[in-house]
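Along the sequence shown, residues carry numbers from 1. All values derive from a computational prediction rather than experimental measurement.
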Amino acid sequence: NDKESLFHYSFPNQPSEPLIESIKNYGIFSPILLKKSENDNYQIISGFKRLSAAKILSHDYIDAYILDNNDTFEKNAELSLNDNLAHRALNIFEVSNFLELLKNQQIGTWHIVEQWMPKLGYKGHETLLKRFLRLQKIPRDLWNILLQKNYAMKPIYWLSGLSAEEQNQLVKLLIELSFNQNIFLEVAENLKAVSLIAKKNISEVIQELYNRIRSKNDEESQDMIYISSQFREEIKKLRFMKLYEYRKQIDAEIESLKFPPSIKIVYDPLLEKHELSLTITIKSSNDASLNQHITLSDQVKDGIERILQIT
């Protein structure tokens, strides 16, 4: 039940072949940790994979250490963490699961940042905590793929801001085209920018680009490395083109307002936090108080109205 598996934050869930082989040949050196719970059952604090491996090997029993029943949740969490870290380092998804476990137990954010992040081997920053927790938004089947690719936090965290459909499309793309994490991050960020400007979802942009590139190559030259490099270049060109079209639209709207010569409008479309924003600078040769910056959402009309109010 849920209570018995409370401390099961390992990922992948199943024991690895090396662990099974080690237990088969040498046995279990470190006993699992248990705590007695209701109805004479036992809650596993640490050792899920060792227990699973023993079951696979049809062992009749396994050594276990019974913890003090009066220990607090945090004390047991620390024992669980230390026992796991004694065997191996946690991957980023296991860290995410562990931090999610703490949050679900109503442990305060700053307490986690100051007390638990250093125990996990990370600096105590709230931003980093939020990034780890965001990984929970990525489907578990994609966790397996990303773990095999040995990606760092940044490209994986970037995926968490996308819809499930977009995540699947991008991961499918990185598998087929064998993107390393730097290329994947570059392609992903450009895709997001294009999708925002073109007002299409990422899946549509991927499909259009992919079909275009495939159609350029005859059946004999479907080399994945070549197609991968083409995709990378095409998405960069598409981002530039879409930004160019977007700027022309804004130019036309600003021009139609016919500002006096003393007023100059300078703007720059930016991609920040997965949202397109428009930073507008208003400069006046007659009135220094009008020299200011405004960051607006991706609504040109609203932006123009704000400019009119100020001028």
Using side-chain heavy atoms (C-beta onward) and a distance below 4.5 Å, is [X] in contact with [Y]?
X	Y	result
His125	Val113	no
Met117	Lys123	no
Pro31	Arg50	no
Ile23	Leu57	yes
Arg134	Tyr157	yes
Arg88	Glu94	yes
Ile28	Ile62	yes
Ile107	Glu74	yes

For [Y], is there any backbone N or O sitting under 3.5 Å from a side-chain donor or acceptor partner on [X]?
X	Y	value
Ser10	Asn13	no
Ser52	Pro15	no
Gln105	Leu102	no
Gln115	Ile112	no

Could you walk me through whether Ile32 and Leu34 pass the side-chain contact (heavy atoms from CB on, under 4.5 Å) test, one step at a time? CA-CA 7 Å; Ile32 67 173; Leu34 302 177; 3.8 Å; yes
Distance-only side-chain donor-acceptor flag, [X] / [Y], under 3.5 Å:
X	Y	result
Tyr9	Ser96	no
Gln136	Asn97	yes
Thr109	Lys130	no
Trp110	Glu126	no

Chi angles and distances behind the side-chain contact (heavy atoms from CB on, under 4.5 Å) call for Ile235, Ile206: CA-CA 9 Å; Ile235 189 60; Ile206 287 175; over 6 Å; no
Which residue pairs pass the ring pair (Phe, Tyr, Trp, His ring centres under 6.0 Å) test when at least one of the two sits in residues 126-147, sequence neighbours left out? Phe11-Trp143, Phe93-Trp143, Tyr122-Phe132
Around atom NZ of Lys119, are there more than 12 heavy atoms of other residues, nucleotides or ligands at under 6.0 Å? yes
If every non-hydrogen atom of Gln14 is compared with every non-hydrogen atom of Lys49, which pair is closest and at what distance?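 It is O-CE, 3.8 Å.
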Pick out which of Asp83, Asn76, Asn82 makes a side chain to side chain donor-acceptor pair (under 3.5 Å) with Ser46. Asp83
State yes or no: are the ring centers of Phe184 and Tyr151 separated by less than 6.0 Å? yes
Point-to-point distance, once rounded to the nearest 0.5 Å, from CD1 of Ile202 to CD of Gln167: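 Here the rounded value is 10.0 Å.
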